[in-house]
Amino acid sequence: MQVGFSSPAQSGIVNDLGLSIAEYSVFGSIWTIGAMLGAIISGKIADFFGRRVAMGFAELFCLVGWTAISFSQNAWLLDIGRFLAGYGVGILSYVVPVYIAEITPKNLRGAFTAVNQLMICCGGSVMYVIGNFTSWRTLALIGTIPCILQLLGLFLIPESPRWLAKMDKWKECETSLQRLRGANANISQEAAEIIEYTEMLKQLSDTGMIDLFQRKYAHGLIVGVGLMVLQQFGGVNAIAYYASAIFESAGVSSRTGTLAMVVIQVPMTLLGTLLTDKSGRVPLLMISATGTLLGCFLTGLSFLLQDLQLWKDSPLLALIGVLIFTGSFSLGMGGIPWVIMSEIFPINVKGLAGSLVTVVNWFGSWIISYSFNFLTKWISSAGTFFLFSVASGLTIIFVAKLVPETKGRTLEEIQASMVLFTRKS
């Protein structure tokens with residue numbers, strides 16, 4: 001929900017607290033710094049205390065952060081609240097997709113993991129809509145509601161059976177798996193595969209950060225890090241955080257533009273969720289990246305035509321470009337990199353590798369969210385969106401050459417194939 005907060009709250013916060021552009025850029029981007037710090041320890045917390053405890057720990061930070069934002073009377077308290085909420089989100093962004101991937105059967109894993117992105121999309125969309133009709137302080141208080149609901153919901157869900165197996169809690173592992181699959185389901189084969197694979201991994205020495213850069217993990221790291229870098233440098237958070245300002249500078253009503261984004265975003269994310277386990281990860285990523293390239297190019301072209309005063313309808317082109325970008329990103333690039341991240345790393349390095357990949361994602365998010373306002377002044381809005389379109393073009397090449405298809409395979413099969421690919425290359 002933090003993603004959808006900045007844009008509708010921008011004018012209200014700037015006017016009420018008298019923030020400059022630089023100060024609001026700090027507010028808009030500081031949550032990504034918190035998220036980076038949260039991501040750094042997310043793997044350790046999840047591996048040591050379990051997936052459920054890590055999620056509860058994160059939600060407490062989000063709850064305190066939203067409350068601080070709502071009651072802030074100056075820039076420093078506003079930034080502290082944003083930072084704390086970001087810290088919690090940084091932990092959740094790793095733990096949630098990993099937990100989902102570890103508890104779901106292989107034929108549903110992609111869709112269930114992508115549902116996480118759908119919920120993020122819905123949360124951001126709700127904030128966009130409500131933000132058009134209420135104050136930013138009320139909007140921040142609304143942000144506390146999902147935190148409270150998830151804290152309560154954690155008491156109703158089982159721990160990850162794969163984490164329990166890793167911790168030698170075999171009986172609890174089988175109990176959790178039985179609860180997840182149903183009282184009458186036969187879990188013997190799945191439980192045996194989990195236990196066998198976990199035992200095999202335990203024969204390996206303890207893995208440190210330096211060990212992640214061994215050749216056998218190289219392919220997974222390149223894929224995980226590469227997807228996160230390209231996701232962020234495609235410009236998603238520039239559009240998400242500053243949508244209102246982008247529409248206004250293009251000559252489009254900010255309310256019309258943000259509401260149109262919501263109308264496109266939610267159904268396209270839902271479509272992507274439904275297609276993840278049917279069409280596969282790679283085809284959706286290719287289509288999604290092609291659409292984001294087109295969307296950014298059209299948006300950049302609209303700003304160029306506006307600067308040159310060559311076409312009076314350029315604001316309409318900007319709106320179309322942003323909507324194409326939003327719909328295309330929601331279809332695949334929004335959720336699938338997180339799906340793949342949760343699938344490709346063996347459980348003995350999943351915490352470290354997942355933390356590294358998540359940190360990279362949030363670092364990229366910080367670079368884009370902080371620099372966007374300055375980029376539009378240094379190289380113009382048109383130049384900025386043309387750069388984003390180049391990043392989308394590189395994404396298409398990267399996915400075609402390096403990203404594996406993981407549809408319909410168990411986590412153990414995927415991770416074994418990643419190591420085999422590295423040995424052959």
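For clarity, every value in this text was computed on a predicted model and none was experimentally measured.
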inquiry  = What I want to check is whether the side chains of Ser125 and Gln265 have a donor and an acceptor closer together than 3.5 Å.
reply    = yes
request  = Apply side-chain contact (heavy atoms from CB on, under 4.5 Å) to Leu387 and Ile379, showing your working.
outcome  = CA-CA 10 Å; Leu387 277 179; Ile379 62 172; 3.5 Å; yes
ask   = What's the verdict on side-chain contact (heavy atoms from CB on, under 4.5 Å) for Trp338 and Met228, showing C-alpha distance, side-chain angles and the deciding distance?
value = CA-CA 8 Å; Trp338 295 102; Met228 295 305 182; 3.5 Å; yes
note = Of all heavy-atom pairs linking Ile324 and Gly291, the shortest is CG2-O, 3.5 Å
ask   = Between Gln178 (side chain) and Ala185 (backbone), is there a donor-acceptor pair under 3.5 Å?
value = yes
Sub-4.5 Å side-chain heavy-atom contact between Val14 and Leu17 = no
inquiry  = Can you tell me how far apart CG (Asp16) and CD (Gln73) are? Round to the nearest 0.5 Å.
reply    = 9.0 Å
query = Atom CD of Gln150 and atom CD1 of Ile157: how far apart are they, to the nearest 0.5 Å?
reply = 7.5 Å
query = Rounded to the nearest 0.5 Å, what separation is found between the CG atom of Leu271 and the CG atom of Leu275?
reply = 4.5 Å
message = For the residue pair Ser365 / Thr32, report whether a side-chain donor-acceptor contact shorter than 3.5 Å exists.
response = no
message = Looking at every heavy atom in both Gly224 and Ile344, which two are closest together, and how far apart are they?
response = N-CD1, 4.1 Å
ask   = Which one of Arg162, Arg51, Lys166 satisfies the salt bridge (Lys or Arg N to Asp or Glu O under 4.0 Å) criterion with Glu102?
value = Arg51
inquiry  = Is it the case that the side chain of Thr134 and the backbone of Gly131 share a donor-acceptor pair, with hydrogens and angles ignored and the cut-off at 3.5 Å?
reply    = no
Exercise: do Arg281 and Thr406 side chains pair donor with acceptor under 3.5 Å = yes
note = For Gly295 and Thr299, the nearest pair of non-hydrogen atoms, with its separation, is O-OG1, 2.8 Å
query = Which residues pass the ring pair (Phe, Tyr, Trp, His ring centres under 6.0 Å) test with Phe83, sequence neighbours left out?
reply = none
query = So do Ile222 and Phe398 actually touch side chain to side chain, heavy atoms under 4.5 Å?
reply = yes
key: Heavy-atom side-chain proximity of Pro105 to Arg181 below 4.5 angstrom   = yes
task = Answer whether the closest heavy-atom distance between the side chains of Ser328 and Ile287 falls below 4.5 Å.
result = no
Heavy-atom neighbours of Phe155 CZ exceed 12 at 6.0 Å = no
task = Just do the side chain to side chain donor-acceptor pair (under 3.5 Å) check on Ser176 and Glu159 with the steps written out, would you?
result = CA-CA 7 Å; Ser176 174; Glu159 182 55 86; over 6 Å; no
query = Hey, is CZ on Phe363 packed in by over 12 heavy atoms from elsewhere, all under 6.0 Å?
reply = no
query = With respect to Cys62, which candidate in Ile148, Leu84, Leu92 satisfies the side chain to side chain contact (heavy atoms under 4.5 Å, CB included) definition?
reply = Leu92
Salt-bridge contact Lys350-Asp47 (side-chain N to carboxylate O under 4.0 Å) = no
request  = Mark yes when over 12 heavy atoms from residues, nucleotides or ligands other than Phe49 sit less than 6.0 Å from its CZ; otherwise mark no.
outcome  = no
query = Counting only N and O atoms by type, is there a donor-acceptor contact under 3.5 Å from the side chain of His219 to the main-chain atoms of Pro404?
reply = no
ask   = What are the two closest non-hydrogen atoms of Ile91 and Ala54, and how far apart are they?
value = CG2-O, 3.8 Å
query = Any side-chain heavy-atom pair from Phe303 and Thr384 closer than 4.5 angstrom?
reply = no
query = Would a distance-only check, ignoring hydrogens and angles, find a side-chain to backbone donor-acceptor pair under 3.5 Å from Thr290 to Met286?
reply = yes
task = Determine, step by step, whether Cys122 and Val266 satisfy the side-chain contact (heavy atoms from CB on, under 4.5 Å) criterion, reporting the C-alpha distance in whole Å, the side-chain angles of both residues, the deciding distance to 0.1 Å, and the verdict.
result = CA-CA 6 Å; Cys122 290; Val266 174; 4.1 Å; yes
key: Side-chain heavy atoms of Ile40 within contact of Tyr94, under 4.5 Å   = no
message = My understanding is that only residues two or more places apart in sequence, or in another chain, count here; which of them pass side-chain hydrogen bond (donor to acceptor under 3.5 Å, both in side chains) with Ser93?
response = Trp362
task = Output, in order, the C-alpha distance, side-chain angles, deciding distance and verdict of side-chain contact (heavy atoms from CB on, under 4.5 Å) for Phe325 and Ile264.
result = CA-CA 10 Å; Phe325 176 92; Ile264 293 292; over 6 Å; no
message = On the six-membered ring of Phe27, is Arg82 placed so that its NZ or CZ lies under 6.0 angstrom from the centre and within 45° of the ring axis?
response = yes
key: Nearest heavy-atom neighbours spanning Ile194 and Ala165   = CG2-CB, 3.9 Å
ask   = Under 4.5 Å between any side-chain heavy atoms of Phe386 and Cys296, yes or no?
value = no
query = Could you give the distance from CD (Glu23) to CD1 (Ile13), rounded to the nearest 0.5 Å?
reply = 12.0 Å
query = With a 4.5 Å heavy-atom cut-off, do Leu352 and Lys44 have their side chains touching?
reply = yes
N-O pairing of Arg109 and Glu343 below 4.0 Å = yes
query = Between Phe297 and Phe385, is the gap from one ring center to the other below 6.0 Å?
reply = no
request  = Please determine which of Leu294, Leu293, Leu230 meets the side chain to side chain contact (heavy atoms under 4.5 Å, CB included) test together with Ser392.
outcome  = Leu293
inquiry  = Let me confirm one number: the NZ-OG1 distance from Lys407 to Thr276, rounded to the nearest 0.5 Å.
reply    = 11.0 Å
request  = Please list, chain by chain and in numerical order, all residues satisfying side-chain hydrogen bond (donor to acceptor under 3.5 Å, both in side chains) with Thr138, sequence neighbours excluded.
outcome  = Ser135
inquiry  = For the CG atom of Asn116 and the OH atom of Tyr99, what is their distance to the nearest 0.5 Å?
reply    = 13.0 Å
message = Taking Leu151's backbone N and O only, do any of them form a donor-acceptor pair with Glu59's side chain (distance below 3.5 Å, no angle check)?
response = no
inquiry  = When you measure from the side chain of Ser355 to the backbone of Ile41, do you find a donor-acceptor pair of N or O atoms at a distance under 3.5 Å?
reply    = no
ask   = Looking only at atom types and distance, does a side-chain atom of Thr358 sit under 3.5 Å from a main-chain N or O of Gly354, one as donor and one as acceptor?
value = yes
request  = Search all heavy atoms of Gln231 against all heavy atoms of Asn361 and return the closest pair with its distance.
outcome  = OE1-ND2, 2.6 Å
ask   = Would you say Phe112 has more than 12 foreign heavy atoms packed within less than 6.0 Å of its CZ?
value = no
inquiry  = When you measure from the side chain of Thr144 to the backbone of Ala140, do you find a donor-acceptor pair of N or O atoms at a distance under 3.5 Å?
reply    = no
query = With no hydrogens and no angle check, is any side-chain donor or acceptor of Ser72 less than 3.5 Å from a backbone partner on Ile69?
reply = yes
ask   = Is the side chain of Ser288 donor-acceptor paired with the backbone N or O of Leu285 at a distance under 3.5 Å, no angle test?
value = no
